[in-house]
Amino acid sequence: MAQKVITVNINVYEQSVTNRHSAYEVTYVNKYLDEGWVIKDIIHSPTAAANWTNITFVLEK
């Protein structure tokens, strides 16, 4: 069984602004999903910067 770990840093808008939403497509993760990898776990890591978030995908094949 093989595993890959991909960490993605996403710049999000300030949450203090009303009705501001964003959606992101993570092309790196999509590429591996197309190759038959599956997401085993997702880990969200907060950062010191208010506009950034880190998401780690653990993939398995």
Steps toward side chain to side chain contact (heavy atoms under 4.5 Å, CB included) verdict (Tyr28, Val8): CA-CA 9 Å; Tyr28 292 109; Val8 180; 5.8 Å; no
When hydrophobic residues are tied together by side-chain contacts of less than 4.5 Å, even through go-betweens, does Ile43 share a cluster with Ile6?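 No, it is not one cluster - the side chains of Ile43 and Ile6 are not joined through contacts under 4.5 Å.
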Give the cluster check for Val26 versus Val38: same hydrophobic cluster or not, with ILVMFWY residues linked at side-chain heavy-atom distances below 4.5 Å.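 In one cluster with Val26: Val38, no.
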Under 3.5 Å, which donor-acceptor pairs do the side chains of residues 53-61 form with other protein atoms, sequence neighbours left out?
from  : atom 1 : to    : atom 2 : distance (Å)
Thr53 : OG1    : His44 : NE2    : 2.5
Thr56 : OG1    : Thr7  : OG1    : 3.2
Glu60 : OE2    : Gln3  : NE2    : 3.3
Lys61 : NZ     : Glu35 : O      : 3.0

Spacing of Thr27 atom OG1 and Asp34 atom CG [to the nearest 0.5 Å]: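 CG of Asp34 is found 11.0 Å from OG1 of Thr27.
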